[in-house]
Structure formats: C-alpha cells, structure tokens
> 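One structure is given below, represented as structure tokens, and several questions about it will come after.
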Protein chains: 2
Amino acid sequence: MKENTGKSKYVVLGMLARMPQTGYTIKKWIENEYSHFWQESFGQIYPTLKKLVAEGLAVSFEDSETGKGRGRIVYSITDAGRKVLLDWLCKEPEIEKLRYEILLKVSFGENTEPEVLLGHLDDFIKRNENLIKDMNGYIEHFDLLKAQGTDCTYSQLTALSGVYMYSAMRDWAVKAKNVISGKEDDL
Amino acid sequence: MKENTGKSKYVVLGMLARMPQTGYTIKKWIENEYSHFWQESFGQIYPTLKKLVAEGLAVSFEDSETGKGRGRIVYSITDAGRKVLLDWLCKEPEIEKLRYEILLKVSFGENTEPEVLLGHLDDFIKRNENLIKDMNGYIEHFDLLKAQGTDCTYSQLTALSGVYMYSAMRDWAVKAKNVISGKEDDL
DNA sequence: TGACTAATATATCTTTGTGATATATTGTTA
DNA sequence: TAACAATATATCACAAAGATATATTAGTCA
C-alpha cells in the first residue's frame with residue numbers, strides 16, 4: 001500500500017501553518033518559492049481547502065472588512081490541522097518523482113541529428129544559469145531577513161537545494177555537449 | 001497554450017523506435033533505466049499503444065509462435081511513427097517538473113523538532129549514495145557494450161545525469177544536516 | 001475623469017497520470 | 001508437484017495539471 005499521491009492536503013496545511021491566507025496566495029507562494037521542487041494547481045488547492053474545513057483541519061472566514069475582491073476567503077489552520085501536519089512531517093518522505101523532458105530527448109537521440117540535441121542542451125544550460133541566479137537571489141534575501149532577526153533557515157535550505165540541483169544539471173549538460181560534439185570521449 | 005502533459009505517446013514511440021516490444025517490456029525498461037527522470041504507468045502505456053495503432057504510428061501482432069503468455073502483443077513503430085517522434089525531438093523540451101517530498105518537509109521544518117528532519121536527511125543521503133552506485137553500474141555496463149561495438153552514448157549520458165543529480169542532492173543533504181544541527185552557520 | 005491593463009481571487013471542467021487490483025500464464029525451485 | 005516469482009494485459013478510482021470563465025480591485029496614463 002505505497003501511496004505517493006494525495007500530498008496536496010499537507011502542502012496546503014503547511015502553507016496555512018505559516019499564516020492564514022487565501023487559496024490564491026498559497027498558489028502564488030508555491031509558484032514563486034517552491035516551483036523547483038513542487039507544484040500545485042488551483043484545481044487542487046481550492047477543493048483541498050474546502051475538504052480541510054469539512055474535516056476540521058482549517059477554518060475559513062470571508063474577509064469583508066477590507067471589502068477586497070469577490071468574496072475573498074481567508075483560511076486558518078486549526079489545532080487538529082497542526083496535529084495532522086506534524087504526523088505527516090514525522091513520516092519518512094516518499095521517493096521523489098521527476099519528469100525531465102530533455103533527458104527523454106537525449107535518450108532517444110539516435111533518432112535525430114546531434115545538432116538538435118546540442119541546441120536543446122544550449123537552451124537548457126542558459127535556463128539553468130538563470131535559475132541559479134534566481135535561487136542565489138532568494139538566499140541573499142533570506143540573509144537580509146535573518147539579519148533582521150527573522151529565522152528562515154528552512155526556507156533558505158530549500159532555496160539552496162535549487163542551487164545544487166540546477167548547478168548539477170548545468171554541469172551535466174556542458175559535459176553532455178562535449179561528449180555529443182566529440183570534444184570529450186570519457187564519461 | 002503551454003502543454004506540459006501528454007508525453008506518454010512520445011515515450012512509447014521512442015521505446016518502440018529501439019525495438020519492437022510489448023507494453024510490459026516498455027514498462028520494465030522505463031522502470032529500470034528511466035526512473036530517475038521519467039515514469040509511466042501501465043494505465044498510460046496500454047491505452048497509448050492502442051491509440052498509436054489507431055493513428056497508424058505503430059502496428060501490433062500477437063506473438064503466437066512461442067505461445068508465451070496470455071495473448072502476448074508485440075508492437076512495432078511505423079514510418080509515420082518515426083516521423084512523429086522526430087518532429088517531437090526537434091521541438092524545445094518543456095520545463096521539467098519535480099516533486100521532492102523531502103524538500104516540502106524541510107520547508108515546513110519549523111513545525112517539528114530538528115531531529116525529525118535530521119533523520120529524514122540521513123535516510124535520504126543513504127538512498128542517494130546507493131542510487132549513485134547503481135547509476136555508475138549502468139555507466140560501466142554501457143562501457144562494456146561500447147567495447148563490443150554497440151553505440152550507447154545517449155543511454156550512457158542519461159545515466160550520467162543520474163550521477164550528477166543524486167550527487168548534488170546528497171551533497172545538499174549533508175550541508176543541510178550541518179546547518180540544521182548547528183555545525184555550520186554559513187550557506 | 002475615464003479607459004485600459006495588470007493583479008487578485010474563486011471556481012470548475014476536461015484531459016492526463018498514478019496506484020491498485022484482477023486475471024492468467026510461464027518459468028523456477030525446493 | 002506444489003509453491004512462488006516473473007511475465008503479461010487490462011481497467012478502475014482517484015489525483016493532478018492545465019485551461020478557461022468570471023469578477024473585483026489597483027495602478028497608470030492620456
């Protein structure tokens with residue numbers, strides 16, 4: 001009974017554990033700071049929030065004081081929700097799941113000209129360089145927050161994982177280019 | 001109109017481009033050599049094979065000569081199938097998608113004791129060490145095949161990506177452990 | 001001031017993908 | 001020869017992604 005799905009619930013709980021917020025801000029937060037290792041769609045987030053309320057793990061209230069938006073719904077985690085989150089945190093994390101289309105194309109490389117792959121690898125290298133810069137920007141930003149007394153070690157560590165991961169893939173792509181173009185023989 | 005789904009078709013075509021085979025062997029091949037960057041389930045593979053035949057991109061025939069299994073169905077790629085595969089290979093690969101549950105748990109780390117995360121990171125480091133060994137095993141295996149005259153550069157390169165990726169994540173986890181346990185301050 | 005545009009916000013639908021399970025045969029081995 | 005593992009196909013329920021519809025608010029700029 002290996003279950004590697006149904007994590008949205010815990011992601012949303014984890015986000016609510018930081019601060020009460022709306023489905024929209026949860027989505028934006030994941031998009032901005034989690035995109036290198038996780039993603040959630042609105043189609044998952046909104047139904048999940050409703051389920052959490054139904055299960056007593058979160059409570060919702062309409063933010064009518066400011067009158068902002070079309071029925072802006074703010075969600076807060078409950079004590080029961082924190083317990084569920086904690087239980088999940090203690091369980092051994094399931095094995096990660098990756099989908100790298102570029103590796104698929106390299107793997108099927110014999111069906112095309114080397115130039116096609118070299119082009120893809122060039123784009124890939126550039127994109128990874130940019131992502132490394134972005135991640136380092138986050139890390140510096142967290143350093144500033146730290147200097148102001150806010151503890152964000154864990155967020156900083158996840159950003160650091162991005163630097164490691166993107167750097168590794170950039171290095172691999174450079175190596176792959178050299179091998180494919182015949183500049184290097186050995187792996 | 002960004003479409004980052006519906007790749008199963010091309011994965012299956014790419015597998016059939018290597019050699020005619022059954023849905024089962026496609027699944028096993030992906031499980032064994034692609035698992036670090038791609039995964040497909042039976043629930044995708046069998047319907048995809050039927051669609052490919054319906055679209056004329058593959059042909060099927062029952063392997064009755066050996067009489068093995070319950071209606072063993074072998075699929076072959078057609079010229080039309082090779083053309084579709086080639087067109088896809090030339091298109092820029094879509095951005096990769098990762099789901100690392102351990103990073104989710106680190107990110108929500110303030111909700112639990114550091115010891116919980118340190119334990120997860122230990123398991124993670126061990127698992128990555130083993131995966132690096134496995135990947136290096138594949139690379140050596142491909143070296144042997146190369147020595148026998150079989151060109152498997154592209155397969156070897158995808159295996160190499162696994163070494164780079166798993167090494168990066170192991171290194172990150174070691175660093176994260178040091179930071180969380182207070183042995184290291186700087187990132 | 002009004003007109004446009006971008007950002008905020010919720011909701012839902014279809015397609016795609018996962019994991020589990022059912023079923024049956026063949027090969028191995030104790 | 002009984003038990004078990006591996007091979008093989010098929011399908012279901014549920015999870016997840018991506019697209020789209022809708023509406024409000026905030027900013028900007030002519």
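Computed from heavy atoms alone, side chains included, the values below leave out hydrogens, waters and symmetry copies. Sequence lines set the chain letters: A, B, ... in the order given, protein chains first and strands last, and positions in each chain run from 1.
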> Would you indicate what A:Gly43 reaches in the nucleic acid, counting non-hydrogen atoms under 4.0 angstrom: base, sugar-phosphate, or nothing?
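Base, at least one base atom sits under 4.0 Å.
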
> Heavy-atom nearest nucleotide on DNA chain D for B:Lys50 versus A:Trp38: which residue maps closer to 5'?
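Upstream on the strand: B:Lys50.
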
> Ignoring backbone atoms, test whether A:Tyr24 places a side-chain nitrogen or oxygen under 4.0 Å from the OP1 or OP2 oxygen of C:dT8.
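True: A:Tyr24 side-chain N/O within range (under 4.0 Å) of C:dT8 OP1/OP2.
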
> When the distance from CG of A:Asn4 to P of D:dA15 is rounded to whole Å, what number comes out?
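Value for this atom pair: 13 Å.
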
> Please give, in whole Å, the distance from D:dT7 P to B:Ile26 CD1?
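It works out to 15 Å between those atoms.
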
> Would you confirm whether B:Gln21, through its side chain, and B:Met15, through its main-chain N or O, come within 3.5 Å as a donor-acceptor pair?
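Yes; judged by distance alone, with no hydrogens or angles, the pair exists.
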
> If you check every side-chain atom of B:Glu40, which of C:dT18, D:dG18, C:dA9 has the closest atom?
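The answer is C:dT18.
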
> Within this structure, what is the CD-to-C1' distance between A:Glu31 and C:dA7, rounded to whole angstrom?
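To the nearest whole Å, that distance equals 12 Å.
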
> Kindly point out which of D:dA10, C:dT10, D:dA8 is positioned nearest to the side chain of B:Ile73?
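So the side chain of B:Ile73 is nearest to D:dA10.
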
> Taking CH2 from A:Trp29 and P from C:dA7, how many angstroms apart are they, rounded to a whole number?
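Answer to the nearest Å: 20 Å.
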
> Is any side-chain nitrogen or oxygen of A:Arg99 closer than 4.0 Å to OP1 or OP2 of C:dG17?
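Checking C:dG17 against A:Arg99, a side-chain N or O does come within under 4.0 Å of OP1 or OP2.
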
> Can you work out whether B:Phe42 or B:Lys51 has the more 5'-proximal nearest nucleotide on DNA chain C?
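Nearest nucleotide further toward 5': that of B:Lys51.
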
> For residues 101-123 of chain B, pull every pair meeting ring-ring contact (aromatic ring centres under 6.0 Å, His included), keeping only residues two or more places apart or in separate chains.
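Checked against ring-ring contact (aromatic ring centres under 6.0 Å, His included) - neighbours excluded - no pair reaches residues 101-123 of chain B.
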
> For A:Leu49 and C:dT12, what is the distance between atoms CG and P respectively, to the nearest whole Å?
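Those two atoms, CG and P, are 13 Å apart.
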
> Between B:Thr5 and D:dA16, does any side-chain N or O lie under 4.0 Å from OP1 or OP2?
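Checking B:Thr5 against D:dA16: no side-chain N or O falls below 4.0 Å of OP1 or OP2.
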
> Think B:Ser8 has a side-chain N or O under 4.0 angstrom from the OP1 or OP2 of C:dG17?
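Yes, B:Ser8 has a side-chain N/O under 4.0 Å of OP1/OP2 on C:dG17.
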
> Identify which one of B:Lys105, B:Arg127, B:Arg99, B:Lys97 satisfies the salt bridge (Lys or Arg N to Asp or Glu O under 4.0 Å) criterion when paired with A:Glu96.
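Exactly one candidate clears the test, B:Arg127.
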
> For A:Tyr34 and D:dA16, give me the distance from atom OH to atom C1', rounded to whole Å.
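After rounding, the gap between these two atoms is 19 Å.
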
> Taking any heavy-atom pair under 4.0 Å as a contact, classify A:Lys9: base, sugar-phosphate, or nothing.
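If one applies the 4.0 Å heavy-atom cut-off, A:Lys9 turns out to touch nothing in the nucleic acid.
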
> Looking at the base of D:dA17, is there any donor atom on it, or on the side chain of A:Ser41, that sits under 3.5 Å from an acceptor on the other one?
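It does, because a donor-acceptor pair links the side chain of A:Ser41 to the base of D:dA17 below 3.5 Å.
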
> So, are B:Lys91 and B:Asp87 salt-bridged, with charged N and O less than 4.0 Å apart?
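No, no charged N to carboxylate O under 4.0 Å.
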
> Round to a whole Å and report the spacing from CD1 of A:Ile30 to P of D:dG18.
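From A:Ile30 CD1 to D:dG18 P: 14 Å.
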
> I'd like to know if the side chain of A:Glu40 and the backbone of A:Ile45 have a donor-acceptor N/O pair within less than 3.5 Å.
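No, A:Glu40 side chain to A:Ile45 backbone: no donor-acceptor pair under 3.5 Å.
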
> Check every atom of D:dA15, D:dT7, D:dT11 against the side chain of A:Gln44 and return the nucleotide holding the closest atom.
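Nucleotide nearest to A:Gln44's side chain: D:dA15.
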
> Measure the distance from NZ on A:Lys27 to P on C:dT10 and round it to the nearest whole Å.
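Going from A:Lys27 (NZ) to C:dT10 (P), I get 13 Å.
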
> Look at all strands and tell whether A:Lys7 reaches a base, only sugar-phosphate, or nothing, counting heavy atoms closer than 4.0 Å.
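Counting heavy atoms under 4.0 Å across all strands, the contact made by A:Lys7 is with sugar-phosphate only.
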
> Phosphate oxygens OP1/OP2 of C:dA11: is one of them under 4.0 Å from a side-chain N or O of A:Tyr46?
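A:Tyr46 to C:dA11 OP1/OP2: no side-chain N or O under 4.0 Å.
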
> Taking the nucleotide of DNA chain C with the closest heavy atom to each, which residue, A:Pro47 or A:Lys97, is nearer the 5' end?
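Whichever sits nearer the 5' end wins; that is A:Pro47.
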
> Spell out, as yes or no, whether a donor-acceptor pair under 3.5 Å connects the side chain of A:Asn4 to the backbone of A:Ile95.
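Side chain of A:Asn4 to backbone of A:Ile95, a donor-acceptor pair under 3.5 Å: yes, one is there.
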
